[in-house]
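Step one of this worksheet: look at the structure below.
Keep in mind that what you see is a predicted model, and the values were worked out from it rather than measured. Letters go in sequence order (proteins before strands), and every chain restarts at 1.
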Number of protein chains: 2
Amino acid sequence: MKKIDILKKLRSSGLRPTKQRVEIAKFLFEREKTFHFTVESLDKLLAKKTTSKFALATIYNTIHAFKAAGHLSEVEVKGKKTYFDTNISNHHHFYDSENSELIDIEANEVVFQKLPKAPNGKKIKNVEVFINLKN
Amino acid sequence: MKKIDILKKLRSSGLRPTKQRVEIAKFLFEREKTFHFTVESLDKLLAKKTTSKFALATIYNTIHAFKAAGHLSEVEVKGKKTYFDTNISNHHHFYDSENSELIDIEANEVVFQKLPKAPNGKKIKNVEVFINLKN
DNA sequence: AATTAGTTTATAATAGTTCTAAAGTGAAAA
DNA sequence: TTTTCACTTTAGAACTATTATAAACTAATT
Ligand SMILES: [Mn+2]
Ligand SMILES: [Mn+2]
Ligand SMILES: [Zn+2]
Ligand SMILES: [Zn+2]
């Protein structure tokens, strides 16, 4: 993803391409593979990889803006920190608790032979599979 | 589960059957169906259903002791509160975000036709399925 | 250039949880 | 029984992740 696309992506989501948003967006989205992170880990990586300074609140604001715009998804992981995911497609995860690492599983890698039907009056919104790993 | 069983359960886990632990254990384990709760919800229910008073720290202590003893499991749910579960068997969940309610799915209700194999050097510890509901 | 609505920032506030250390209690020993 | 002491409860402080606040700044429009 090129710089021009980053700008388009922000603009089309109603987000002004500010210095911080562009830097964060480049860091998050100009990569081949899915990136899973917490705000804390992102903060450290940005400090290491860029010259700009980012208030923590700005990182939170920006991440939430990206999430609201559909550019990021949130993944629920054991522990109190919130994880975000640059893969916004419907997919599943391995979780390696040794190093708190999430690994993507594409949706078509999981097929069900049997699934319960939703309780009365409810419908299934989506199904998430979590595969916990050990060594 | 009778009172004598509660006492046995506590003793066999190295937990002294104090007034608070017995009351909490009776409240949690003397029931037919699985009970999912947060510390906050448990606190409110105990206040309503018992005459004793419980410091929040005692509820946390007790729940963690039960969890460490294998009498409770923890379920990861979106949001910042930790959920606990009286069902300690391997099982799955529906999650109804309308009312933040978890519903058990027994392990045999879910059968996989295809599952990815663990990454190199890793093994699968367990698989958790989360079915999010909508109306 | 002037305006203004949106953004960043430092800092305060909040929420859930864990820690602390003093007072209380259960159960083994005397 | 009474004594003893490790374990437990408790109120409140501390902690951690996150969100709110409001002043200073900036991008885009005029
Ligand atoms: Mn979590
Ligand atoms: Mn959670
Ligand atoms: Zn992912
Ligand atoms: Zn359950």
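Side-chain proximity of A:T82 to D:dT18, C:dT17, C:dT9: nearest is D:dT18. Distances from the side chain of B:K80 to the nucleotides D:dA11, C:dT9, C:dG16 place C:dG16 closest. Distances from the side chain of A:R16 to the nucleotides C:dT18, C:dT9, D:dA27 place D:dA27 closest. For A:A55, the listed nucleotide lying nearest its side chain is C:dA10; candidates were C:dA10, D:dT10, C:dA27. You'll find that the side chain of B:A57 is closest to C:dC19, out of D:dA28, D:dT9, C:dC19.
In this model, the phosphate group of D:dT9 is approached by a side-chain N or O of B:T18 to a distance below 4.0 Å at OP1 or OP2. For C:dG26, the OP1/OP2 oxygens have no side-chain nitrogen or oxygen of B:R21 closer than 4.0 Å. Between D:dT10 and B:Q20, a contact under 4.0 Å exists linking OP1 or OP2 to a side-chain N or O. In this structure, A:T38 does not reach the D:dA17 phosphate: none of its side-chain N or O atoms is under 4.0 Å from OP1 or OP2. Proximity of A:K81 to the phosphate of D:dA17: a side-chain N or O atom is located under 4.0 Å from OP1 or OP2.
Expressed to the nearest 0.5 Å, how far OG of A:S73 lies from CG of A:D85 amounts to 4.0 Å.
In the region residues 39-51 of chain A, proximity to DNA chain C at under 4.0 angstrom, judged on heavy atoms, holds for none of the residues. Applying a 4.0 Å cut-off to non-hydrogen atoms, the residues of residues 60-74 of chain A that approach DNA chain D are A:Y60, A:H64, listed by residue number.
To the nearest angstrom, C1' of C:dG16 lies 15 Å from CZ of B:F37. The distance between atom CD of A:E23 and atom C1' of C:dT8, rounded to the nearest whole Å, is 14 Å. We find that CZ of B:F54 is positioned 14 Å from C1' of D:dT8, with the value rounded to whole Å. Look at CG on B:L56: it is 12 Å from C1' on C:dA15, rounded to the nearest Å. Look at CG on B:L15: it is 16 Å from C1' on C:dT25, rounded to the nearest Å. Distance CG (B:L10) to P (C:dA27): 10 Å, rounded to an integer number of Å. One can place NZ of A:K19 at 16 Å from C1' of C:dG6, the figure rounded to the nearest angstrom.
Judged by the 6.0 Å distance and 45° axis criteria, B:K9 is positioned over the aromatic ring of B:F29.
Side-chain contact between A:F112 and B:Q113: absent, with no pair of heavy atoms (C-beta onward) separated by less than 4.5 Å. Residues B:E109 and B:H92 form no side-chain contact, since every pair of their non-hydrogen atoms from C-beta on lies 4.5 Å or further apart.
For the residue pair A:N135/B:K123, the side-chain donor-acceptor check at 3.5 Å is not satisfied. Side-chain contact check for A:H36 and A:D104: at least one donor-acceptor pair (N or O, by modelled atom type) lies under 3.5 Å.
For B:Y83 and B:F37, the distance between ring centers is not under 6.0 angstrom.
B:K44 and B:E40 are joined by a salt bridge, as a carboxylate oxygen and a charged side-chain nitrogen come within less than 4.0 angstrom of each other.
Among the protein residues, A:K53 comes within range of the sugar-phosphate backbone only, with heavy atoms under 4.0 Å from sugar or phosphate atoms but none that close to a base.
The environment of NZ in A:K78 is crowded: more than 12 heavy-atom neighbours from other residues, nucleotides or ligands sit within 6.0 Å. The number of heavy-atom neighbours closer than 6.0 Å to NZ of A:K114, taken from other residues, nucleotides and ligands shown, is above 12.
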